[in-house]
Amino acid sequence: MTFLELSSLRKEFGAAVAVQDFNLQVEKGEFVSFLGPSGCGKTTVLRMIAGFEKPTRGRIIIDGKDVTALNANKRNIGMVFQQYALFPNMTVADNIQFGLKVAGADGGLRQKRIKDMLGIIHMEQFANRYPHQLSGGQQQRVALARALAIQPQVLLLDEPLSALDAKIRVNLRQEIRSIQRQLGITTIFVTHDQEEALSISDRIVVMNQGVIDQLGTPLDIYNRPQTSFVASFIGSLNVLQAQVVDRSAGRIRIDGQELTTGERIGSEADTVTVAIRPEAVSLNHANGHPNSISAAVDDIYFLGSVVRVRTKLKDQFLNVDMFNNPSMALPARGEQVLLSFAASAAKVL
Amino acid sequence: MASVTTTATTTGSPTPWVRLRSRLSFDWVGLVPFFAFVAVFLIFPALSIVVRALTDSAGNLTLANIAGLTNPVITLAYQNSLLVSLITAVSGSVLGGLLAWAITLGGLPGWIRSAVLSFSGVGANFAGVPLVFAFVALLGRIGLLNQLLKPTGVSIDPQTFLYGFWGLCIVYTYFQVPLMVLIMVPALEGLRKEWREAAENLGATQTQYWRYVAFPILMPAILGSAALLFANAFSTYVTATALLGAIGQTFAVTIVVANQFRTDTFGDPGLGFALAFSMMVVIGLTIALYTWSRRRAERWTRKVE
């Protein structure tokens, strides 16, 4: 059952169209991420849901009720901002109870909610601290507690992790997901970080230039990109130019070497763009492989858990990612290697 | 080995001269002109005032000068000065605060903001004889207003509202308002949009946002501005003298102080020093009150004790 519905949303700022024809249905308790580059319109959609921007056209329906014309303070939506936005003149406890206080809730309920929220974010001992006495990660946890304290119907997270250190970011995103699951709250998460979106979302909306490019589960988005933008935006990708050799057999030629792709391709002699994930390519396959090409090692990059080998075909480069294994034998620079991959791994865009 | 031991001993206990040199870095030289200026033109005159307020012309200790402050003429001058300062501090704070709010958060066109800020820069420093002349030219007996009203037969007598207590309040407000604007605009611009949106998102009305969030955050700036406006009005001399002229020779404390040093016949320098000392006390109390209230208002900026 759809809990949050965005129907034909459009937003114009003067002559510029920020969002157009945006349609989305979100289930109750679902965690949906809006992912895209800066300026793609993801924050604008979030702000329209929150009530900070009025849609030029379209409707926003929450739990069957049209809230498009409602003021932000009447929507019962919790929001966590990028730069924390805690009230600096209030303690952690006062920040958390602010929404209940302005709603006229009695002191007993407020104290109980403060206690519950501090427990959820594991910050019971920080109740009387002021925001400037907290670290960035702690402030963002308090901001989350403040947003949840009013028991909102929908939780909006506007790049809440982007101002934090890498390690804290990973911990906090897991914590956010855990709390969201615990409370079963419908959540929209805006980010430009694909790893964040892929790791915590039920579904991802990939946006580009104000429209939805693809909507799907993280696995769908990563493994079955439907547009060249999604393919290039999500994960690392080798994008190669190839010529069609045999349309019916799916044979293509890349820098003079023939390969097979599982995709439908154009007419013979056409030039097509082929995308291959670096991790889908294996280096010097032990038992030989029917779909292989040879290349020279151009450089090797150590990326922690992954080792990236950059190879050169004739004119084009192709990266190969391998899990870092202490016993692995890395090729030398300039060495000729054999690159193999499944036909289905070569996507024609 | 021996050389190592010697070196260790030297670095372990530097001589007093080395310690002094390490403390007196060249950076301190930059402060010398400032401290010299403050010593010569603030600390020395202030100490001189205190000493001479408590001594007679022969240099003997006396409280007679201080006792002279209870003179009804002086207490009335004090009452006038304090009231004018208080009223114009409040009127300047309210009107200037509203103006600053209008040009920063009021959503007005950008050119209005630029125009108001440019005017404020000039207006805050436009005092003394030129300011009084401008008001007299506008509101005086043969001023522009009366010229405009002449065909209607209506005439406004400036004696009733310009050359007196309320006239002084109106004229002072002219430079108090732009001063408040100059101080409050940066403070208002420091209010983050996210605070308002967060409050709104949590269900707060505009009134609740201003009551619980914006005003408490702005309070230190408001208190500081009000204290500055009060001190500004309390210490104003030329504007009061120029506006009130001969009829105001005992109206304000600053005028009374000046009169004690201006004439050899009627002046009483001892009383003048006592008045100056009492003004220092008033300004000191204002600063103390401001500091106390500001510390209360911004306790959320301090670290945990």
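A, B, ... follow the sequence lines: proteins, then strands. Residue 1 opens every chain. Basis for what follows: all heavy atoms, side chains included, without hydrogens, waters or symmetry-related copies.
Shown here for A:A85 and B:A198, the closest heavy-atom pair between the two residues is O-CB, 4.1 Å.
By the neighbour-count criterion of 12 heavy atoms within 6.0 Å, atom CZ of A:F13 is densely surrounded, having more than that number from other residues, nucleotides or ligands. The 12-atom threshold is not exceeded at CZ of A:R57, counting heavy atoms of other residues, nucleotides or ligands nearer than 6.0 Å.
Residues B:Y212 and A:D94 have side chains not in contact (no heavy-atom distance under 4.5 Å, counting atoms from C-beta outward). Proximity of A:I77 to B:N201: side-chain heavy atoms (C-beta onward) are separated by under 4.5 Å at one or more points. B:L202 is not listed as a side-chain neighbour of A:M79, based on a closest heavy-atom distance of 4.5 Å or more.
Here the CH2-CZ distance, from B:W195 to A:F87, works out to 10.0 Å after rounding to the nearest 0.5 Å. From B:Q206, atom CD reaches atom CG of A:N71 across 9.5 Å, with rounding to the nearest 0.5 Å.
Contact of A:L100 with chain B is not made at all, since no heavy-atom distance falls under 4.5 Å. Of the atoms belonging to A:R146, heavy atoms from both backbone and side chain fall under 4.5 Å from chain B. Of the two parts of A:Q83, the backbone and the side chain both hold a non-hydrogen atom closer than 4.5 Å to a non-hydrogen atom of chain B.
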Checking side-chain contact (heavy atoms from CB on, under 4.5 Å) for the pair A:Y84/B:E194: CA distance, chi angles, key distance, verdict?
CA-CA 8 Å; A:Y84 323 136; B:E194 289 91 340; over 6 Å; no
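Ranked by heavy-atom pairs under 4.5 Å with chain B, the first of A:V80, A:T91, A:I150 is A:I150. Of the listed residues (A:L86, A:N76, A:L156), the greatest number of heavy-atom pairs within a distance under 4.5 Å of chain B belongs to A:L86.
Between the B:Q208 side chain and the A:V102 main chain, a donor and an acceptor come within less than 3.5 Å of each other.
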